[in-house]
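Written out below as structure tokens is the structure these notes cover.
In what follows, residues are counted from 1 in the order of the sequence shown. Here the structure is a predicted model, which is why all the values come from computation and not from measurement.
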Amino acid sequence: MTRPMAKDDVPVALSDEELVLRLRANDPQAGEQLVRRYHLPLVRYLQRLCGSDQLAEELHQQTWLSVLEYLPKFDAAPGPGAFKAWLFRIATNKANDHWRSHGRAKAAFEGLRLISEDQFPGAGHRMEGSEQEQKLLAAIQQLPEAQRQVLLLRYYGNLKFVEIAELLGCPLNTALGRMHKAMLKLKELMDVD
């Protein structure tokens, strides 16, 4: 059963690739649906990446402006998940550009600031403010940049390892190895009192 649709109504079930094609054909509802679909995962990823809600929102907006600017060049041929990987690659590049332009390139490689309590997700977050979460966040900040990026993309960006490897421009085994090393290092850091 499908509900009746207006001529320009966009069904929820359309794939990213179909929405991209509609957006290229100047269908603003397709663009709105893509933004709604990825708003929460993208903002959460950017919050963890930069440690600031305000900066995450700013980078989120910049990311979508770049998506609109470069949409004609996007190749949806690689298949499902290509748009999501492309979107998160743009967001990561926007964060890196921000750090470079604000003299924080060194900080980006040495570790991001510890996320303060008021910068966590809303009341629904299951461990907000807990001592264990503070310890985990501090441990994540101590990871080398390459390991931290893979970890954040996997758990906060909800990307598959194939997408992460493509996004970072590294072989799949390298992405998997970075994640393995990150998990070992986190275990070591979490065991230290």
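- Side-chain heavy atoms closer than 4.5 Å link hydrophobic residues (I, L, V, M, F, W, Y) into clusters, and following such links, even through other members, never connects Ile90 to Leu65.
- By the 4.5 Å heavy-atom criterion applied to side chains, Gln47 and Ser52 are not counted as neighbours.
- Atoms CG and CG, on Leu136 and Leu189 in that order, are 10.0 Å from each other to the nearest 0.5 Å.
- Panel note: side chain Arg148, backbone Leu143; a donor-acceptor pair is recorded below 3.5 Å.
- Closest approach of Leu34 to Phe83, counting heavy atoms only: CD2-CE2, 3.8 Å.
- Within the 4.5 Å cutoff, side-chain heavy atoms of Arg36 are placed close to those of Gln33.
- Phe161 and Leu184 fall into different hydrophobic clusters, defined by Ile, Leu, Val, Met, Phe, Trp and Tyr side-chain heavy atoms under 4.5 Å apart, directly or through other members.
- One hydrophobic cluster holds both Tyr45 and Val162 under the rule that ILVMFWY side chains link at heavy-atom gaps under 4.5 Å.
- For the pair Asn96 and Gln149, the tightest heavy-atom approach, listed with the atom from each and the gap, is ND2-NE2, 4.3 Å.
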For Leu172 and Ile164, what are the C-alpha separation, side-chain angles and deciding distance, and is it a side-chain contact (heavy atoms from CB on, under 4.5 Å)?
CA-CA 8 Å; Leu172 175 60; Ile164 293 170; over 6 Å; no
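- Listed here is the closest heavy atom pair of Arg24 and Asp75: NH2-N, 4.4 Å.
- Inter-residue side-chain proximity for Asp16 and Tyr38 is flagged as met; some heavy-atom pair is nearer than 4.5 Å.
- One distance of note links CG of Leu55 with NZ of Lys94; it measures 12.5 Å at 0.5 Å rounding.
- Side chains of Trp86 and Leu71 form a contact here, defined as non-hydrogen atoms less than 4.5 Å apart.
- Using a 4.5 Å heavy-atom threshold, the side chains of Asp191 and Lys187 count as touching.
- Side-chain atoms of Thr174 do not come within 3.5 Å of backbone N or O of Cys170 as any donor-acceptor pair.
- Salt bridge absent: Lys160 and Glu163 never bring a charged side-chain N and a carboxylate O closer than 4.0 Å.
- Expressed to the nearest 0.5 Å, how far NZ of Lys185 lies from CD of Gln142 amounts to 7.5 Å.
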From CA spacing to verdict: salt bridge (charged side-chain N to carboxylate O under 4.0 Å, His left out), Arg89, Glu166
CA-CA 9 Å; Arg89 183 179 321 115; Glu166 181 183 325; 3.4 Å; yes
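- Residues Leu153 and Leu168 meet the side-chain proximity criterion, which asks for heavy atoms closer than 4.5 Å.
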Does the side-chain contact (heavy atoms from CB on, under 4.5 Å) test come out yes or no for Arg22 and Gln29, once each step is laid out?
CA-CA 9 Å; Arg22 284 181 175 229; Gln29 289 182 347; over 6 Å; no
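- Counting heavy atoms from C-beta outward, Tyr155 and Arg48 have side chains that stay 4.5 Å or more apart.
- Residue Leu87 is not grouped with residue Leu21 when hydrophobic side chains (ILVMFWY) are merged at heavy-atom distances under 4.5 angstrom, including chains of intermediate members.
- Across all non-hydrogen atoms, the minimal contact from Ala91 to Thr63 is CA-OG1, 3.4 Å.
- No donor-acceptor distance shorter than 3.5 angstrom exists from the side chain of Arg44 to the backbone of Gly157, with no hydrogens or angles considered.
- Each of Val43 and Trp64 belongs to its own hydrophobic cluster when Ile, Leu, Val, Met, Phe, Trp and Tyr are linked at side-chain heavy-atom distances under 4.5 angstrom.
- Pairing each heavy atom of Ala82 with each of Glu17, the nearest pair is N-OE2, 4.1 Å.
- Between the side chain of Glu18 and the backbone N or O of Ser15, at least one donor-acceptor pair lies under 3.5 Å.
- Nearest heavy atoms, Leu59 versus Cys50: CD1-SG, 3.8 Å.
- The shortest distance between side-chain heavy atoms of Gln147 and Pro144 falls below 4.5 Å.
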